[in-house]
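Values below: every heavy atom of this structure, side chains too, minus hydrogens, waters and symmetry copies.
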Amino acid sequence: METTKWYAALDTHSCGQPLRIITGGVPQINGSSQHAKSLFFKRHFDSVRKLLLAEPRGHREMTGAIVTASTTPEASFGLLFLNQEGLSAISGHGIIAAVAAWASTGQLSASDAANGVLIDCPAGTVKAFADFDGHEVRSVSFLNVPSFVYAEQLAVKVQGMEARVDVAFGGEFYAVVDMSALGDGDVFNLPKLREWGRLIREEVERRLEVKHPHLDWISGIHGVFFYQRGDASCDDRNPNRLAYRCTAAFAGEQLDRSPGGAGACAHMAVLHSCGSLKPGQQIVYEGITGARIVGSIEGEKDIYGYRAVIPRLTGTAHILGFMNFLLDPSDSLPEGFVLY
């Protein structure tokens, strides 16, 4: 067998959501900003994204990341985020998994990770912290980019049912939907969520121009965040803690296995806007797998004409393996395939 392409990757998951960090086989990615780097990658290496995320090397729910040089003086490194639709401006589970992997493999020192590192993302610079139990990474927290409500309470018809949809930014734009409005007690009915996500996304984009007021290349609905009020199981230390069961349909028809990253941040912005979540108050999100992340609002900020919040998310991630991939020039499926 002759091989002309070789790629290395570090496979991880954060709360069940897979993330493949590409560590070898891709040359230096040029660009003066993370957005410019993402455009450069898309122009020159999008076939690599398809090859490594799609079947048979990946699967339809696979996501990816590439660690780059930083583009701001203060940041330690940058991240690009890959999915089956293309590249995204941010990924909460991607940040958590990448920091956990880099700290666990010694590419990020324990002291730097514990004290907090700045990471350049296309949507902006975030600050991440790792919490250690001895030499093991126990969890990763990050402070997200300013998140805000873009549009409130849009009435959207979904297969004869009416849902009230809030549109909010958490690094990407999400349509935020209360599952109880759709009359289904099972927030994790996956085929329905996939279909409803597509219909809601199409309807919101048909009725509303969604575009970031400053980063105008971030436009449209990246995902639909479905939530349902859960059992907080509060103890005496957290009497005001909120809890939700949730998932998101994002980047086309991918379903988030984690409780959410950017989608959860968008939801926190919605809750804060309506007075249901105060700064410092904890909120627990439980995803499809039963894994949980903890969120809170670290601060508030007026930006771009919106009242924004700075969300904080804490989750876990684990390394699955060190991967090597080859491309045989005679392979009839050089970019793989995705079946829905």
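The distance between the ring centers of H212 and F148 falls below 6.0 angstrom.
Taking all atoms of both residues into account, the shortest heavy-atom contact from R229 to L242 is NH2-CD2, 3.1 Å. Nearest heavy atoms, G171 versus I90: CA-CG2, 3.5 Å. Residues T23 and A9 come closest through the heavy atom pair OG1-N, 3.5 Å. Taking all atoms of both residues into account, the shortest heavy-atom contact from P311 to S147 is CG-OG, 3.4 Å. Here the closest non-hydrogen pair linking A113 and L108 is CB-CD2, 3.8 Å. Taking both residues in full, the closest heavy atoms of R207 and L154 are given as NH2-CD2, 4.4 Å, listed atom of the first, atom of the second, then distance.
Between Y306 and Y150, the angle of the ring planes stays under 30°, which puts this pair in the parallel group of the 30/60° scheme.
Side-chain atoms of Y285 and F225, non-hydrogen and from C-beta on, do get closer than 4.5 Å to each other. At least one side-chain heavy atom of I218 sits less than 4.5 Å from a side-chain heavy atom of F173. With contacts defined as side-chain heavy-atom distances shorter than 4.5 Å, the pair E253/R198 qualifies. In this structure, M268 and I283 have side chains that are in contact, with non-hydrogen atoms separated by less than 4.5 Å. Side-chain contact between W196 and V177 is absent, with no heavy atoms from C-beta onward closer than 4.5 Å. No side-chain heavy atom of V117 sits under 4.5 Å from any side-chain heavy atom of W102. Side-chain contact between L80 and P122 is present, with at least one heavy-atom pair separated by less than 4.5 Å. Between V137 and F132, some side-chain heavy-atom pair lies under the 4.5 Å cut-off.
In this structure, S70 OG and L79 CG are separated by 11.0 Å, a value rounded to the nearest 0.5 Å. Atom CG of L320 sits about 5.5 Å away from atom NE2 of H13, to the nearest 0.5 Å. Between the CG atom in L82 and the CG atom in L87 there is a gap of 5.0 Å [rounded to 0.5 Å]. Considering CZ of F77 and CD of Q34, their distance stands at 10.5 Å, rounded to 0.5 Å. Distance check, rounded to the nearest 0.5 Å: OG of S219 to CD of E209 gives 8.5 Å. A distance of 8.5 Å separates OG of S91 from CD1 of I96, quoted to the nearest 0.5 Å.
Of the possible donor and acceptor atoms, none in the side chain of E172 sits under 3.5 Å from a partner among the backbone N and O of A262. Distance alone, capped at 3.5 Å, places no donor-acceptor pair between the E61 side chain and the P18 backbone. In this structure, S38 contributes its side chain and H35 its backbone to a donor-acceptor pair below 3.5 Å.
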L271 and Y227: side chain to side chain contact (heavy atoms under 4.5 Å, CB included), yes or no, with the steps?
-> CA-CA 12 Å; L271 290 177; Y227 68 91; 5.9 Å; no
Tell me, with the steps shown, if I66 and K37 meet side chain to side chain contact (heavy atoms under 4.5 Å, CB included).
-> CA-CA 11 Å; I66 296 178; K37 287 181 183 290; over 6 Å; no
Intermediate values then yes/no, side chain to side chain contact (heavy atoms under 4.5 Å, CB included), L339 and R60 | CA-CA 7 Å; L339 300 179; R60 71 179 183 180; over 6 Å; no
Taking it one step at a time, do H222 and F169 satisfy ring pair (Phe, Tyr, Trp, His ring centres under 6.0 Å)?
-> CA-CA 10 Å; H222 178 68; F169 181 78; over 10 Å; no
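Each of I310 and F142 belongs to its own hydrophobic cluster when Ile, Leu, Val, Met, Phe, Trp and Tyr are linked at side-chain heavy-atom distances under 4.5 angstrom.
Between E203 and R206 a salt bridge is recorded (basic side-chain N to carboxylate O distance below 4.0 Å). A salt bridge links D131 with R138: at least one charged nitrogen is closer than 4.0 Å to a carboxylate oxygen.
The neighbour count for Q28 CD, taken as heavy atoms of other residues, nucleotides or ligands under 6.0 Å away, does not exceed 12.
No donor-acceptor contact under 3.5 angstrom links the side chains of Q153 and R164, judged on distance only.
With H272 as the partner, the side-chain hydrogen bond (donor to acceptor under 3.5 Å, both in side chains) test is satisfied by one option alone out of E300, K278, H267: E300.
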